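This is a predicted model, so every value here is computed, not measured.
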Amino acid sequence: MVKFPISLAKALKGHKASQAKARLAVGTAWQDHDLVFCSEIGTPINISNLTSRAFKPILDVAGLPSSTRLYDLRHTMATLLIEEGVDARTVADRLGHSSVTMTLGTYTHPTTAMQEKAAERLEDLLFTRRGSATRRRSPPP
């Protein structure tokens, strides 16, 4: 089971209520495909319409490059979760991957913050752990 953030669950409940009103407004023209996101009459959304009408304007407001693809959001989510310390198996599960190799090799990308954290951990391991910050460990033989 994949858990949603509380804010997302609230937003989806609001979306469901709006969708119910839209469904009533179009009456018999509604085609029930049991979709969370659909056209004004319940049919699957055309990806080029979604991209041009909704996604690209959001990118513009956010100041992100117009070359950003909707699918890039999966990579961003995976990277952010790994950066925040979420284990790779959980991230893989959220993406629907059966293998963490796919998740780590394709969907996550090292960030500056990750590199800085790695450097800080090495500093701690090699030069400051179990002693004063001035005591250095001797290198391995």
Side-chain angles (χ1 to χ4, degrees), residues 1-140:
M1 174 196 333
V2 174
K3 298 283 284 177
F4 283 28
I6 292 168
S7 296
L8 178 57
K10 287 178 182 178
L12 287 171
K13 283 180 184 178
H15 173 71
K16 185 176 181 178
S18 296
Q19 191 178 64
K21 288 178 186 175
R23 182 179 188 156
L24 288 174
V26 297
T28 59
W30 183 266
Q31 297 178 35
D32 192 1
H33 293 272
D34 197 29
L35 300 170
V36 174
F37 297 101
C38 57
S39 73
E40 297 83 10
I41 60 168
T43 57
I45 297 174
N46 178 296
I47 190 66
S48 62
N49 287 343
L50 173 68
T51 301
S52 63
R53 295 177 187 169
F55 188 62
K56 294 297 180 180
I58 290 170
L59 291 175
D60 190 45
V61 169
L64 295 171
S66 62
S67 59
T68 304
R69 301 168 303 152
L70 186 60
Y71 202 75
D72 292 335
L73 299 179
R74 286 173 59 85
H75 293 258
T76 301
M77 182 203 63
T79 298
L80 290 173
L81 290 175
I82 292 292
E83 186 175 62
E84 286 298 311
V86 175
D87 67 279
R89 179 69 254 160
T90 299
V91 175
D93 192 52
R94 293 187 76 79
L95 292 169
H97 296 161
S98 59
S99 163
V100 295
T101 304
M102 172 69 157
T103 304
L104 294 175
T106 304
Y107 283 84
T108 61
H109 312 283
T111 65
T112 302
M114 289 175 182
Q115 292 291 356
E116 288 172 359
K117 189 174 186 177
E120 289 169 8
R121 285 197 174 173
L122 278 172
E123 176 71 23
D124 183 48
L125 285 167
L126 299 175
F127 303 110
T128 61
R129 186 179 267 186
R130 295 189 189 114
S132 74
T134 57
R135 190 180 101 205
R136 295 185 177 239
R137 293 176 134 182
S138 24

Pairs where residues 62-93 contributes a residue and the test ring pair (Phe, Tyr, Trp, His ring centres under 6.0 Å) is met, not counting sequence neighbours: His75-Tyr107, His75-His109

Contact check, side chains of Leu95 and Met77, non-hydrogen atoms, under 4.5 Å: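 In short, these two side chains touch, coming nearer than 4.5 Å.
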
Side-chain heavy-atom pair Leu35, Gln19 within 4.5 angstrom cut-off: no

Closest heavy-atom pair and its distance - Ala92, Ser99: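 Reported closest heavy-atom pair: CB-O, 4.2 Å.
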
Of all the heavy-atom pairs spanning Glu40 and Trp30, show the shortest one and how long it is.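 Distance-wise, the nearest heavy atoms are O-CZ3, 3.7 Å.
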
With sequence neighbours left out, write down each residue that passes ring-ring contact (aromatic ring centres under 6.0 Å, His included) with Phe55, or none if nothing qualifies.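 Counting only residues at least two positions away or on another chain, Phe55 forms no ring-ring contact (aromatic ring centres under 6.0 Å, His included).
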
Mind checking what makes ring-ring contact (aromatic ring centres under 6.0 Å, His included) contact with His33, not counting sequence neighbours?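 Result, ring-ring contact (aromatic ring centres under 6.0 Å, His included) vs His33: none returned.
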
With sequence neighbours left out, what residues match Asp32 under salt bridge (charged side-chain N to carboxylate O under 4.0 Å, His left out)?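 Expected list: Arg23.
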
Ion pair Arg121/Asp124, N-O distance below 4.0 Å: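 No salt bridge links Arg121 with Asp124.
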
Mark yes or no for whether Gln31, through its side chain, and Ile41, through its backbone, hold a donor-acceptor pair below 3.5 Å. no

Of all pairs that satisfy side-chain hydrogen bond (donor to acceptor under 3.5 Å, both in side chains), the ones with a partner from residues 43-62, not counting sequence neighbours: Ser39-Thr43, Asn46-Ser48

Scan residues 79-93 for pairs that pass side-chain hydrogen bond (donor to acceptor under 3.5 Å, both in side chains), counting only residues two or more places apart or in two chains.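 Listed by first then second residue: Glu83-Thr111, Asp87-Thr90.
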
Between the CD atom in Glu120 and the OG1 atom in Thr128, the distance rounded to the nearest 0.5 Å is 10.5 Å

Counting neighbours of CD1 on Ile6 that are heavy atoms of other residues, nucleotides or ligands and sit closer than 6.0 Å, is the number greater than 12?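 Check fails, neighbour count at 12 or below.
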
